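These notes concern the structure reproduced below.
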Amino acid sequence: MARTQARTEAALEAYAAARAALPRTTGITQALRELDKATARLRATRDAADTSQASYDESVAACSVAERALRRTAAEHAIEIERVDAVERATRAFETAVRELTARRREHARQAEAAQAGADRLTAAAEDEETALDTERATRRRHTEEAAGLKALQDAVGAEAQEVMRQVQEAEDGIDALMREAEAARTAQHTAIAGTAAADARRTAAAEARSVAAAEEKDTARGLRPYAARELLDILRCPPSLTWPAQEADWTGEALPSAVIAVHEAILSATRDLTPTETSLKQSVTRLTKALDDLQAQLAAAGQDYRPEWDGSDGVIVVRVADEEGPLPVAAFAQKISSHRRDQAELLSASEQRILEDAPCSPGSPSRSTTAPSTPAT
C-alpha cells in the first residue's frame, strides 16, 4: 500500500513537472485570433473582389453595347464620298438660311417693339381725346348756362347789351377758331410723332442690316486667305506687291481692309474669262492627280532626295518639293532645277571647247571646229 502511494505521488510529481515544462498557450491563442481576423479580412476582400469583378463585367458589357451603338450610328450617318460636295453645298445653304432667319427674327422683334410703342402712343392719345371731350362737354354746359343768362340780361338791358353780345360772339368765334387750330396742331403733332417713330425704326433696321451685311462680307472675305498665297498669286500673274493682312487689328471697322480688296480685284481680274463647270472641275482634279503621280514618279527616278508634298485642306492644293535646303514651292523648285541645268550645260560646253582646242590636228583628221557641240538634254 505504501509502495502504491509512493508510486502515485511520484507519478503526480512527474505529471506536475511535465505540465510545468509545457510552453504557454498564450501565443497560440493570439495566433488563432489573428488567423480568424485574417480569414475574415480575406473573406471580405474576396467579396469585394467579386463585387468589383461583377461591376467590371457590367461596365465592359455596357461599353460593348455603347460601342456597337456608336458603330451602328456612325454607319447610319456616314457620308458617301460622292455625296460630300452635295452635303457641303447643303451645309452652306443651311448656314445662309440660318443667317437670313436670324436677321429676319431681329427685324420682327424690332417691328414688334415699334408696334407696341405705337399702340402705347395710340392709347395715350385716346385717353387725351376722352379728356378733351369731357372738357368740351363741360364747356358747352357752361356756355349754355351763360348764354341763357346773357339772353335774359340782353332782354333787360337793350341796345347796349346787343353790342356787348356782338363783341362776346366775336370773342367766342375767335376762341372756336383757336380751338380748331389747336386740334389741327395736335393732329399734326401725332402724325409727326408717328412718322418720326417709323423713320427711327427704318433707320435702326437699316443700320442692323448694314452691320449684318458687313459681318457676312468679312466672313466671306476671310475665306479668300488660302487664295492669297504668294505661290498662287504668282501663278495667276498677280502683282507682286499684294499681301494679306497679317494682324487682326487690320480687320477693325466695317469696311474691308484695302489689302483684301486689292487681292480680290486681282484674282477676279485674272479669272474673269474663266467659266468653270462641274465637269471641267472634275477633269482638272483628274489631271492634277495624274500630274502629281507623274511628278512623284519622276522625282523618285531622279535618284535624289526629293520629296514632293501637297496640302489641300484649305480648298487650294499647294505642292512643295523638299530637298536638302528645305521645302520649296513647285514653281521655285522648277526654277532652281532649270538654273542648275543651265549651269551644268555651260560648264559642259566650256569643257568640250577646251578639249577641242587642245586636240592636235593631223593631216587625215578633219579640221577643228571652234563651235562646241550642242549640250545634251538632262
Side-chain angles (χ1 to χ4, degrees), residues 84-107 110 202-285 287-289 291-292 308-322 326-336:
V84 170
D85 296 336
V87 172
E88 182 180 3
R89 289 193 297 271
T91 303
R92 292 180 178 175
F94 177 75
E95 292 176 352
T96 303
V98 167
R99 287 194 293 268
E100 293 178 357
L101 179 61
T102 303
R104 291 181 180 179
R105 285 186 174 179
R106 285 198 295 266
E107 178 65 21
R110 286 192 299 271
R202 290 193 298 270
R203 180 180 59 79
T204 304
E208 290 290 339
R210 184 174 64 252
S211 300
V212 172
E216 293 179 354
E217 183 182 21
K218 284 187 178 181
D219 292 339
T220 304
R222 289 178 183 271
L224 287 175
R225 181 180 182 87
Y227 299 91
R230 187 68 263 167
E231 302 89 352
L232 182 58
L233 294 177
D234 293 339
I235 292 175
L236 295 177
R237 296 184 176 88
C238 295
S241 59
L242 295 178
T243 57
W244 191 260
Q247 298 179 357
E248 189 65 25
D250 297 334
W251 293 87
T252 56
E254 294 186 356
L256 290 176
S258 58
V260 175
I261 297 175
V263 171
H264 179 264
E265 291 179 352
I267 295 176
L268 184 62
S269 176
T271 59
R272 192 181 305 277
D273 298 332
L274 300 179
T275 56
T277 62
E278 186 174 357
T279 303
S280 64
L281 291 175
K282 290 182 179 180
Q283 292 175 354
S284 299
V285 172
R287 290 196 301 270
L288 177 60
T289 303
L292 291 175
E309 302 173 354
W310 55 84
D311 181 17
S313 58
D314 294 331
V316 178
I317 299 177
V318 180
V319 182
R320 294 182 175 85
V321 179
L328 289 175
V330 67
F333 178 77
Q335 294 177 358
K336 178 181 177 182

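All figures in this text were calculated on a predicted structure; none of them were measured in a lab. Positions are given from 1 along the sequence.
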Would you compute the distance between atom [atom1] of [X] and atom [atom2] of [Y] and round it to the nearest 0.5 angstrom?
X    : Y    : atom1 : atom2 : value
L101 : R105 : CG    : CZ    : 4.5 Å
K282 : T279 : NZ    : OG1   : 6.5 Å
D219 : R99  : CG    : CZ    : 7.0 Å

Partners passing side-chain contact (heavy atoms from CB on, under 4.5 Å) against E107 (at least two apart in sequence or in another chain):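 Scan of E107 (side-chain contact (heavy atoms from CB on, under 4.5 Å), adjacent residues dropped) gives R110, Q111, A205.
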Flag if over 12 foreign heavy atoms under 6.0 Å of NZ, K336: yes
Name of the residue among I267, V263, I261 meeting side chain to side chain contact (heavy atoms under 4.5 Å, CB included) with E265: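 Only one of I267, V263, I261 forms a side chain to side chain contact (heavy atoms under 4.5 Å, CB included) with E265, namely I261.
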Side-chain heavy atoms of P245 within contact of V260, under 4.5 Å: yes
Side chains of V212 and R106 in contact at under 4.5 Å (non-hydrogen atoms): yes
